Amino acid sequence: MSVEPTGDQRLFQTTTREFLDHTVPIETVRELADAASGFDDLWWRRGAELGWTAMLVPEHLGGGSISGQPMTELALVAEEFGRTCAPGPLIPTSAVLAALAAAGDRFADVIAEIVSGDAIAAWALYEPGHGLDLTAPDTRAEPDGTGYRLTGLKDRVEAGDRADLFLVTAHGPDGPIQLLVRADTPGVTVTPTWTLDLVRRTARVEFANVFVGADAVVQQGETATAATQSQLHIAAALSAAESVGAAQRAFDATVTWMFDRYTFGRPLASYQALKHRMADNKTWLEACHATARAAAAAIDENPSTAAEFVSVAKSYVGTKAPVIVQDCVQIHGGIGVTWEHDLHLFLRRVTYGRALYGTPEEHHRRITDLLVRSAA
């Protein structure tokens, strides 16, 4: 398994970086923090034209990747999102598109809407009072004539405040079921919620006896269980990659600061204790890069092994990235803890990434479960 990007992938990553640097520099991110929307619709459509939404969709449905490694390429985009603290529903959109693409051509029109950036999709997985639980949702989908009545509450729905469509995981008559629900369906109530990240928003989404037709079923039964696991792998791997990008940006800024900042006539970079700290941070950061890229590559090359790779990446990056960025804040001294300095934006991004799509503790338990099953 190679985790080093190819030349074409590097070019794609550089194109994404230049676009983000030009359209959403840190100054713009700060401005968007005070906006109700969190990101601009036109900006997201321009990103979709660059291929952000096309990677996990087959070519005959309007998608396609550069080199046949869609998750590897999408993870490079996620790294750049972290590096600039960019807004936008990259992760939930990717999870939903993977689900719809796996369902065949039935959702071709919806996929086209999302791939073009004209529609925003959100993955409604989490429920109040529950952590990462893919097996027993309290949300119910009861048969009703030619469709289902959906009742329940989802929270921590990323981009839920802007979503046109929700992919909802519920408990159906034959076990787990995933339904595609439009946000304007009667009975759907969306309430924006606060997050630590300045431009990544979440929402609580209530489904009060919402009727959806049988054509809204994406997957059900054992197939839905497997599909939900695959969606989690995508979301968690992208979240890890994004946190790596944010940690790398904070690390690079701190190295520059250490050479520019003088105390007692010496640059900070000349103090051996600080060198040791940054050497540790560099070691952890390289391991973060390796595990995150290995997780994306595993999804591309051998999805049956992806669960372990993804949980290793999400648990390791979720543990180390906040520590790295927090140390960068401390090395900056007093200025590092001010609102005016940009470091807190990256600390917010990695802390937010640590919490969603499985905390390190939750992924540690998933690794343990995998090891126990493999030893049985």
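Computed over heavy atoms, backbone and side chain alike; hydrogens, waters and symmetry mates excluded. Values in this document were obtained by computation on a predicted structure and should not be read as measured data. By convention here, the first residue in the shown sequence is residue 1.
- Residues Ala86 and Val24 come closest through the heavy atom pair CB-CG2, 4.2 Å.
- Sorted by first and then second residue, the pairs that involve residues 82-103 and meet side-chain hydrogen bond (donor to acceptor under 3.5 Å, both in side chains), not counting sequence neighbours, are Asp21-Arg83, Glu80-Arg83.
- Under the 4.0 Å criterion applied to side-chain N and carboxylate O atoms, Glu361 and Arg365 are not assigned as salt-bridge partners.
- Across all their heavy atoms, Ala235 and Trp123 have their closest contact at CB-CZ3, 3.9 Å.
- Residues satisfying the salt bridge (charged side-chain N to carboxylate O under 4.0 Å, His left out) test with Asp327, not counting sequence neighbours, are Arg277.
- Remark: Arg200 is not positioned above the aromatic ring of Tyr352, lacking an NZ or CZ atom under 6.0 angstrom from the ring centre and at most 45 degrees off the axis.
- Residues forming a side-chain hydrogen bond (donor to acceptor under 3.5 Å, both in side chains) with Ser65 (at least two apart in sequence, or on another chain): none.
- Counting non-hydrogen atoms of neighbouring residues, nucleotides and ligands closer than 6.0 angstrom, the CD atom of Glu142 exceeds 12 such neighbours.
- Screening residues 101-112 for side-chain hydrogen bond (donor to acceptor under 3.5 Å, both in side chains) gives His60-Asp105 as the qualifying pairs, with residues at least two apart or on separate chains.
- The distance from the CG atom of Leu97 to the OG1 atom of Thr53 is 6.5 Å, given to the nearest 0.5 Å.
- A donor atom on one side chain and an acceptor atom on the other are not found under 3.5 Å apart for Thr202 and Glu158.
- Formation of a donor-acceptor pair under 3.5 Å by the Glu127 side chain with backbone atoms of Thr139 is found in this model.
- Side chains of Thr195 and Asp197: a donor-acceptor N/O pair is absent below 3.5 angstrom, by distance only.
- By the ring pair (Phe, Tyr, Trp, His ring centres under 6.0 Å) test, Trp194 pairs with no residue at all, sequence neighbours left out.
- The closest donor-acceptor contact from the side chain of His130 to the backbone of Tyr126 lies at 3.5 Å or more, if one exists at all.
- Using modelled atom types, one finds no donor on one side chain facing an acceptor on the other under 3.5 Å when comparing Ser67 with Asp8.
- When all heavy atoms are compared, the tightest approach of Ala121 to Val96 is CB-CG1, 3.7 Å.
- Using a 4.0 Å cut-off between charged side-chain N and carboxylate O, Arg293 and Glu79 make a salt bridge.
- Aromatic ring centroids of Phe12 and Trp52 lie 6.0 Å or more apart.
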List the steps and the verdict of side-chain contact (heavy atoms from CB on, under 4.5 Å) for Val350 and Glu242. CA-CA 8 Å; Val350 299; Glu242 189 176 63; over 6 Å; no
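- Of all non-hydrogen atoms in Arg162 and Phe39, the two that sit nearest each other are NH1-O, 2.9 Å.
- Residues passing the side chain to side chain contact (heavy atoms under 4.5 Å, CB included) test with Ala269 are Met258, Phe259, sequence neighbours excluded.
- Side-chain atoms of Arg45 never come within 3.5 Å of backbone atoms of Asp40 as a donor-acceptor pair (strictly under, hydrogens ignored).
- Cluster partners of Ile367, by chain and number: Val312, Leu371. The rule joins Ile, Leu, Val, Met, Phe, Trp and Tyr whenever side-chain heavy atoms lie under 4.5 Å apart.
- Hydrophobic side-chain contacts under 4.5 Å tie Val317 into a cluster, directly or through other members, with Val244.
- Residue Asp369 holds its CG atom at 10.5 Å from OG of Ser374, rounded to the nearest 0.5 Å.
- Thr263 is linked by a side-chain hydrogen bond (donor to acceptor under 3.5 Å, both in side chains) to Tyr271, counting only residues two or more places apart in sequence or in another chain.
- Side-chain N/O atoms of Ser315 and His363 include no donor and acceptor closer than 3.5 Å.
- In this structure, Val115 and Gly62 approach most closely via the heavy-atom pair CG1-O, 3.8 Å.
- Here the shortest heavy-atom pairing between Glu362 and Gly131 reads OE2-CA, 3.4 Å.
- Listed by chain and number, the residues in a side chain to side chain contact (heavy atoms under 4.5 Å, CB included) with Leu285 are Ala247, Gln248, Phe251, His289, Ile324 (sequence neighbours excluded).
- Glu113 is linked by a side-chain hydrogen bond (donor to acceptor under 3.5 Å, both in side chains) to Arg182, counting only residues two or more places apart in sequence or in another chain.
- Annotation for Arg149: atom CZ counts as buried by contact number, over 12 foreign heavy atoms lying within 6.0 Å.
- Cluster partners of Ile177, by chain and number: Tyr148, Leu150, Val157, Phe166, Val168, Leu179, Val181, Val188, Val190, Val205, Phe207, Val210, Val212, Val217. The rule joins Ile, Leu, Val, Met, Phe, Trp and Tyr whenever side-chain heavy atoms lie under 4.5 Å apart.
- Each of Lys154, Gln231, Gln178, Gln219 was evaluated against Thr169; a single residue qualifies, Gln178, per the side chain to side chain donor-acceptor pair (under 3.5 Å) test.
- Interatomic distance, Thr254 OG1 to Arg249 CZ, rounded to the nearest 0.5 Å: 11.5 Å.
- No donor-acceptor contact under 3.5 angstrom links the side chains of Gln13 and Glu73, judged on distance only.
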